[in-house]
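No hydrogens, no waters, no symmetry mates; every other heavy atom, side chains included, goes into these values. Everything quoted here is computed from the prediction, not taken from an experiment.
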Amino acid sequence: MKARVTVMLKDGVLDPQGEAVRHALGALGFEGVTGVRQGKVIELDLADGTSDPEAEVRAMCEKLLANTVIESYRVEIG
Amino acid sequence: MKAAVIVFPGSNCDRDIAVALKQAGAQVTMVWHKDDALPDGVDLVAVPGGFSFGDYLRCGAIAAQSPIARALRFHAERGGYVLGICNGFQVLTELKLLPGALLRNAGLRYICRTVPLTVTNAGTAFTSGYAAGQTIALPIAHHDGNYFADDETLARLKGEGQVAFTYGDNPNGSRHDIAGIVSANGRVLGMMPHPERAADPAHGGTDGRALFAGLADALERV
């Protein structure tokens with residue numbers, strides 16, 4: 001079973017890397033980009049039969065995968 | 001003062017801190033991250049700078065899960081003193097022993113230079129060797145030193161005198177120019193600048209020395 005965790009900086013937390021990407025896109029002529037936020041994707045292989053995988057992965061996010069002071073996360077199973 | 005310095009894979013300021021602590025008269029023991037206990041009777045635990053575990057996932061995140069981190073948390077929770085410098089500060093925020101987090105520098109560059117700092121609160125054991133409002137110069141060397149906390153936390157930090165050091169020329173985008181903070185009980189200090197790299201004339205500056213000397217004096221009086 002696969003789980004995919006997307007971790008993003010929370011709204012309101014400055015994302016200087018996203019800003020740099022936006023500037024670079026502008027320099028390439030992609031002028032219609034008004035904002036870029038950069039995050040990370042973490043893919044997990046879960047043992048078959050993991051009970052309540054979503055709750056399990058959310059617990060992993062709270063304890064390690066995301067720092068909820070600055071980051072939000074989204075969990076997709078399957 | 002009995003001090004322990006934690007060593008993670010990727011720590012690179014561990015020996016510098018040990019030298020600075022010994023210079024201040026401390027007995028120093030190095031502690032490996034896989035150890036699950038601190039030496040008996042330790043007053044201070046220092047969490048050094050560097051790139052623990054290669055900064056994988058987030059700076060300090062993996063170190064905060066190491067066996068010694070549990071002992072460190074216990075030490076702090078029973079009122080022990082903790083000093084986290086640079087990566088050590090990041091580890092302490094990941095452990096939630098200090099509020100907030102350290103983001104990528106606003107200018108995206110790794111910054112390595114000596115910066116002016118103001119001692120905002122000279123009433124802590126760590127800052128007792130300085131005068132309140134004193135300007136000192138310490139080196140910084142980091143890519144992720146941009147202190148972030150929400151408005152409520154910042155108001156509390158400022159209101160309770162938990163901001164220990166502020167930058168004179170905010171090099172990294174830190175909110176409210178924060179360079180170092182202490183815990184509510186004043187016994188856990190996290191700071192991005194490196195006092196241990198300004199503790200000997202050969203370093204090019206000695207403004208960091210008063211932090212270790214002041215701490216040793218304060219702990220002798222406890």
Whatever's closer than 4.5 Å to a heavy atom in chain A on B/L57 counts as both
Taking all atoms of both residues into account, what is the closest heavy-atom pair of A/P16 and B/L108, and its distance? O-CD1, 3.6 Å
Tell me, do B/E94 and A/L64 make a side-chain contact under 4.5 Å, heavy atoms counted? no
Report yes if some heavy atom in the side chain of B/K96 is under 4.5 Å from a heavy atom in the side chain of A/V69; otherwise report no. yes
Should we say atom OH of B/Y110 is surrounded by more than 12 heavy atoms from elsewhere, each under 6.0 Å from it? yes
With a 4.5 angstrom heavy-atom cut-off, which part of A/E71 approaches chain B: side chain, backbone, both or neither? side chain
For each of B/L103, B/T93, B/I62, tally heavy-atom pairs with chain A at distances under 4.5 Å, and name the one with the top tally. B/L103
Below 4.5 Å from any heavy atom of chain B, which atoms of A/K10 appear? Answer side chain, backbone, both or neither. neither
Quick check on the interface: out of B/A61, B/A106, B/G107, B/A149, who has the most heavy-atom pairs with chain A under 4.5 Å? B/A106
Are more than 12 heavy atoms, taken from residues, nucleotides or ligands other than B/E152, located less than 6.0 Å from that residue's CD atom? no
Is atom CZ of B/R15 surrounded by more than 12 heavy atoms (other residues, nucleotides or ligands) closer than 6.0 Å? no
Should we say atom NZ of A/K40 is surrounded by more than 12 heavy atoms from elsewhere, each under 6.0 Å from it? yes
Name the region of B/D150, side chain, backbone, both or neither, that has any atom closer than 4.5 Å to a heavy atom of chain A. neither
Gap separating the CZ atom of B/R104 from the CG atom of A/D15, nearest 0.5 angstrom: 10.5 Å
